[in-house]
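All residue numbers in this chain count up from 1 along the given sequence. Note that this is a predicted model, so its numbers are computed, not measured.
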Amino acid sequence: MRDAQLRYPKAERACLALVHAIQRFRHYLLSNRVVLVAKADPIKFLLSKPALIGRPAKWLLQMSEFVIAFVPPIAIKGQVVADLLAAFPGEDITMLHEEVPGEFPEISIIQEETWLLYFDGSATPSNDTGGAEYEVFLLGLSLAKKAGAKHLEIRGDSKLLVNQMNGVYSLKEITLSLFRNEAQRLLTHFSDATIVHTGRTNNRHADCLATLASKLQFEGSKKSITVQRRSVSSTGISQVEDAQSNDWRAPIIHELSNSLTEGKVSLKELKNFFLLHGALYYRNPDGSLS
């Protein structure tokens, strides 16, 4: 098991192991009687769930192809081989197929393009307020959002900013907390965004532009250059009203907070939501809360 599979509940990991075994030995199991020797019955666990959605539903569908009889291990030594294989998995690990036998495969998969964003900031005595890197980082995110990017890979040579955004470094400077909060808000507009640290040699184009904007001086013949400069910090721009107007939760929270509903949200939709200590929760079909 890898990545997210390691975080499944113990009962779901047992179901996943059974599905994996079924996929690998399906042709043998179809022509023979199947006896499952385990400490817990994964099939009983799936059947006991009030509503099957997502992965558990596919697992049960794959198991329904076989007649599986569950028996608990008679002695500890009967489970030794399975425990040993689980403790020392081999290098030849096969991937688990999510498809259910008989399903139609995808006709085509269109993968959206991943945008690359390089950023670098330059601080001078006149503009060194402690957030030069964050300023240009926020500006790059705003431009990527306006360009319609959905998948974003961000590269910068500021190890401090990258590690603070990824949660590796703690944020000790109070003045930078506003910048990080604004950056986290902008990142929610993308389907996925990764922030990686790159060396200065791999970021030389952005570094050159940052140096050019802050330190270039013309000598000799007269030349003109147009420079756009922000007079207000990115964190000083108030966007609270815009965020509240676009928040889909606002009318639901308003209806639930009042004793008499105003009819802005249908009762069929309201019954799936409830407020708990000021937080809005959604009740899923299986009874869990989001």
Side-chain angles (χ1 to χ4, degrees), residues 1-112 114 150-151 153 166-168 188 190-196 272 276 279 281-290:
M1 296 181 183
R2 299 177 181 177
D3 303 328
Q5 296 175 351
L6 297 172
R7 296 188 293 271
Y8 288 176
K10 186 176 180 180
E12 289 194 10
R13 292 202 300 268
C15 296
L16 186 64
L18 178 58
V19 171
H20 193 191
I22 287 175
Q23 290 183 357
R24 295 198 66 179
F25 303 105
R26 180 171 178 270
H27 297 290
Y28 298 98
L29 302 181
L30 285 172
S31 57
N32 293 278
R33 178 173 176 267
V34 183
V35 178
L36 172 64
V37 181
K39 298 176 182 177
D41 188 355
I43 302 177
K44 184 179 179 181
F45 164 74
L46 292 176
L47 293 175
S48 64
K49 295 182 71 68
L52 279 175
I53 55 175
R55 294 187 309 269
K58 281 193 173 185
W59 293 342
L60 187 60
L61 191 59
Q62 292 189 26
M63 296 176 190
S64 62
E65 191 177 10
F66 310 94
V67 179
I68 303 176
F70 169 78
V71 294
I74 300 175
I76 297 177
K77 63 180 182 180
Q79 190 71 10
V80 168
V81 176
D83 290 340
L84 184 64
L85 290 173
F88 299 97
E91 296 182 358
D92 184 18
I93 298 176
T94 58
M95 298 300 295
L96 182 70
H97 299 288
E98 294 292 340
E99 301 86 19
V100 177
E103 280 190 339
F104 289 101
E106 294 287 343
I107 302 301
S108 62
I109 299 175
I110 301 175
Q111 186 174 2
E112 295 185 21
T114 299
K150 293 299 182 182
H151 305 275
E153 183 177 337
N166 289 328
V168 179
T188 59
F190 304 97
S191 299
D192 60 83
T194 57
I195 308 174
V196 296
N272 295 324
L276 181 62
Y281 288 86
Y282 178 78
R283 185 182 290 104
N284 295 308
D286 61 351
S288 61
L289 302 179
S290 300

From CE (Met63) to NZ (Lys58), nearest 0.5 Å
14.0 Å
Sidechain-backbone polar pair: Arg283 side chain, Asn272 backbone, donor-acceptor under 3.5 Å
no
Just how far is it from atom CZ of Phe25 to atom NE2 of His20, taken to the nearest 0.5 Å?
8.5 Å
Please examine the side chains of Asn284 and Leu289, heavy atoms only from C-beta on, and report whether any two atoms are closer than 4.5 Å.
no
Answer yes or no: is there a side-chain heavy-atom contact under 4.5 Å between Phe190 and Lys150?
no
Side chain to side chain, Ile22 and Ile68, heavy atoms closer than 4.5 Å:
yes
Evaluate the side-chain proximity of Leu36 to Leu18: yes if any heavy-atom separation is below 4.5 Å, no if none is.
yes
Do Trp59 and Leu16 touch side chain to side chain, with heavy atoms closer than 4.5 Å?
yes
Close side-chain approach of Val67 and Val34, heavy atoms under 4.5 Å
no
Can you measure from OG1 (Thr114) to CG (Asp192) and round to the nearest 0.5 angstrom?
6.5 Å
Which heavy atom of Asn166 sits nearest a heavy atom of Ile195, and at what distance?
ND2-O, 3.0 Å
